[in-house]
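Notes follow once the structure below has been shown.
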Amino acid sequence: MAVTIAKEKWTSKVGEMVLDADSSVKVGGESTLPFLQFEGDIPNRPVLALEVWDLEPVDWPEILKAPFAGVLADPVAWAKKNVEYGADVVALRLMSAHPDFKNASPEDCAATAKAVADAINVPMIITGCGVEEKDAEVLEKVGEALTGKNCLIGCATEKNYKTVTATAMVNGHSVIASSPLDINLSKQLNILMTEMNLPANRIAIDPLVGALGYGIEYAYSIMERARIGALMGDKMLAMPVICFVGQEAWKAKEAKSTDDESPEWGAQERRSILWEVLTTTTFAQAGGSIFVLRHPESVKQVKVHLDKMMESNAY
Amino acid sequence: MALTGLDIFKQLPKTNCKECGQPTCLAFAMQLASGKTSLDKCPHVSDSAKEVLDSASAPPIALVKIGKGEKELQLGNETVLFRHDKRFEHPTGIAVTVNDTDSDIAGKVQSINKLVFDRVGQIHKVNLVAVKNTSGDTARFAEAVKTVQDNADFALLLISEDAAAMEKALEVAGANAPLICSANAANFDVMLNLAKKYDSPLVVKGTDLNELAALVEKSGYKKLILDSGAREVNKVLADQTQIRRQALKKFRPFGYPTIAFADNADPIQAVVDAGVYIAKYAGIVVLNTSDPADVLPLITLRLNIYTDPQKPIAVESKLYEIGNPGPDAPVFVTTNFSLTYFCVQGDVEAGRFPAYIMPVDTDGISVLTGWAAGKFTPEKITEMLNSCGIADKVSHRKVIIPGGVAVLSGKLKEMSGWDVLVGPRESAGIPSFIKQRWGA
Ligand code: SF4
């Protein structure tokens, strides 16, 4: 018996964001729910970024440090390594700016960002150290130093969005807008930023995701709701979503616990990679477009999966 | 989805004979629509009308049971496409496969029995052992089924498309209502009769959605699990979405739980595919792996996706020790909203600093909501400081409260007699907070 395929008639779509200077890397643009090609267009595969720090990370598990042996203290070499590992995007985190660490000056941070940008030929995401006031100062200088490069900079929050948005507008960058796990706060921040005349397609929503086992379901549902909102015509929810998966997944006990500590959980190497991979692929099902990861093996595995999901399933 | 009074009224005799206790057929229809009476109160309703009304009032996805007693697994009764609309009812059943060609079947089953994980006091495990007739041999399959049944803590899923092999296997395991997998166009009648004979659930497998619907219609059986035949993850996602959407629109042939097979030849990709099936509607997902490194992430994902979104989950309100805290370890106060607690726990661990965490019972709501709702108060914190035994464990009297509720400090100090340190607003600041402020 012939089954009539059930298709939703969505009226709108997710905005399309360009991630580099020559428009070759894009995200967003979907006119349906994730990977339902039978119903609409999925013009761009989600992109995968690998993190680089400008400060050698001390508390990363050995499994995570191993692929970067010898480059962890050298952001330029580390960034190049990420490109070799197949990252679509390099995500530079200016951790040294943190008052608890080096309290590096905005000028120093900008110099590092420039050096990294000059050494690679993939798009860049540049984030500060997470201290909102400091990030505003740092991103202002970074934005200037990389003018015209069309980087994705952040994170802009309720507190510092004005400076970050202004920098992005003057220097031609896009902005990551972070709001903690609340769709209305997200929307509010997007409205404030677009009211400053930043085009909506230069904003990426960061819902501050949790890892598998640590609140993944909250961001999952917020992302599903945001996607449905976007498809129904809500322009202030129609931005691509960025998920900082690596930092969350590698904080999970299940990823950090060694073979000796938790033999009943299986080998740490496989378990920790799967923690990062499954957190990513689950968010891809909810509508994530940009994923910031840490382990090169995760990038490889997620890519294989996404390539498969991008194949048509039209009836 | 539910019928209106008017829909029901159309099916009634319209004689207003009052035997149902209602003044008119319409009144009766209205009562029925709101669930205040039952159809059997009307003695005059025709059989055909009854069938229409019964099937219309049935849930969009039937409840199907596999196994018996302690091992029983229930699936179905789902009512939504998205978990934010209403919770998903029955978590995806996870089946782990044993081949009848495996050398140590009993040993393998023992390792599957051990796939039980404790997460803050809740036990989570797999649900089924799938026995697969990989050998193609009838006797060997029956023998494997016996070994698995004798050793497994879980109900059985029997995989063979050979009706003769299934018949033998059911002679062994048929009394325990295993899931029979599967009936396809070629073996349909025999498999269906076996399912009926043993009153067991049956997987119906089509080569596509159309054939699947046709086979279900033809079966006239209600204990069904659906397999659209798709095996590539992108196509399974499409079919699972179609089956769920159509079921909710009350397309009856698709009103049953589904099964999906994570049998990607690449073992890591197989786990990833299984994750998609858990998130997207599979009633059962069948794994070829029993490696806890593969199963733990999937069980955790299932737990998360099937959490009731309307009901915050809480961790038990008691004193938690992180690392091996001594008498000079810091004491963090937070709420027992599980996400809040996990963040604090994760960040304390990230700081690699042994500590105590004291989640106050706020009915599982977060710090700021708890404070606003009067559930995270100096009184409650004091009470917990006094009752949880922390005073005997630490030699100091300093407690760290979340930065967001700094306003509680004065009152808390006054009531409890403890010094109050105001911690960071976000738990991510805990490691540097400890470094700077603790022990100094
Ligand atoms: S018993 Fe049936 S036919 Fe008679 S009034 Fe009630 S609904 Fe109508």
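Computed from a prediction, not measured in an experiment: that's the story for all the values here.
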Nearest 0.5 Å, what's the [atom1]-[atom2] distance between [X] and [Y]?
X        : Y        : atom1 : atom2 : answer
B/Gln242 : A/Leu36  : CD    : CG    : 8.5 Å
B/Ile305 : A/Ile216 : CD1   : CD1   : 6.5 Å
A/Lys251 : B/Phe342 : NZ    : CZ    : 13.0 Å
A/His305 : B/Asn264 : NE2   : CG    : 10.0 Å
B/Ile268 : A/Glu297 : CD1   : CD    : 7.0 Å

Atom of [X], atom of [Y] and distance for their closest heavy-atom approach:
X        : Y        : answer
A/Ala6   : B/Gln246 : N-NE2, 3.6 Å
A/Val3   : B/Leu209 : CG2-O, 3.7 Å
B/Asn304 : A/Gly213 : OD1-N, 2.7 Å
A/Arg271 : B/Leu296 : CD-CD2, 4.3 Å
B/Phe82  : A/Glu224 : CD2-OE1, 3.4 Å
B/Val271 : A/Leu278 : O-CD2, 4.0 Å

Identify whether the distance between the nearest side-chain nitrogen and carboxylate oxygen of [X] and [Y] falls below 4.0 Å.
X        : Y        : result
A/Glu217 : B/Arg83  : no
A/Glu8   : B/Lys249 : no
B/Asp294 : A/Arg270 : yes

Side chain, backbone, both or neither: which part of [X] has a heavy atom under 4.5 Å from chain A?
X        : answer
B/Phe254 : side chain
B/Leu298 : both
B/Lys280 : side chain
B/Pro424 : neither
B/Leu303 : neither
B/Glu426 : neither
B/Asp239 : both

Is [X] atom [atom1] crowded by more than 12 heavy atoms from other residues, nucleotides or ligands, each under 6.0 Å away?
X        : atom1 : value
B/Glu321 : CD    : yes
B/Arg425 : CZ    : no
A/Lys102 : NZ    : no
B/Lys114 : NZ    : no

What residue in A/Val131, A/Asp59, A/Thr282, A/Leu274 has the most heavy-atom pairs under 4.5 Å with chain B?
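If we count pairs closer than 4.5 Å to chain B, A/Leu274 comes out on top.
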
Name the member of A/Ile228, A/Ile273, A/Leu212 that forms the most heavy-atom pairs with chain B at distances under 4.5 Å.
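Between A/Ile228, A/Ile273, A/Leu212, the count favours A/Leu212.
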
Under 4.5 Å from any heavy atom of chain B - which part of [X]:
X        : answer
A/Ser312 : backbone
A/Gln301 : both
A/Pro34  : backbone
A/Val304 : both
A/Lys7   : backbone
A/Leu33  : side chain
A/Ile5   : both
A/Trp265 : both
A/Ile222 : neither
A/Thr4   : backbone
A/Phe38  : side chain

Please step through side-chain contact (heavy atoms from CB on, under 4.5 Å) for the pair A/Lys308 and B/Val272, ending with a clear verdict.
CA-CA 11 Å; A/Lys308 186 71 202 169; B/Val272 175; over 6 Å; no

Step through it carefully: locate the ring centre of B/Phe88, locate the ring centre of A/Tyr220, and say whether they are under 6.0 Å apart.
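For B/Phe88 and A/Tyr220, the ring centres are not under 6.0 Å apart.
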
Name the option with the most non-hydrogen atom pairs under 4.5 Å to chain A; the candidates are B/Glu349, B/Arg352, B/Lys235.
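Highest number of pairs under 4.5 Å: B/Glu349.
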
With respect to chain A, which residue among B/Ala238, B/Ala428, B/Ala214 yields the maximal number of heavy-atom pairs within a distance under 4.5 Å?
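The option with the most such pairs is B/Ala238.
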
Sub-4.5 Å side-chain heavy-atom contact between A/Glu311 and B/Glu232:
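Sidechains of B/Glu232 and A/Glu311: in contact.
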
Testing B/Thr241, B/Leu237, B/Val276 for side chain to side chain contact (heavy atoms under 4.5 Å, CB included) with A/Phe35, which one passes?
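Output: one option passes, namely B/Leu237.
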
Without hydrogens or angle criteria, can the side chains of A/Tyr315 and B/Asn210 be said to hold a donor-acceptor pair below 3.5 Å?
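No donor-acceptor contact under 3.5 Å links the two side chains.
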
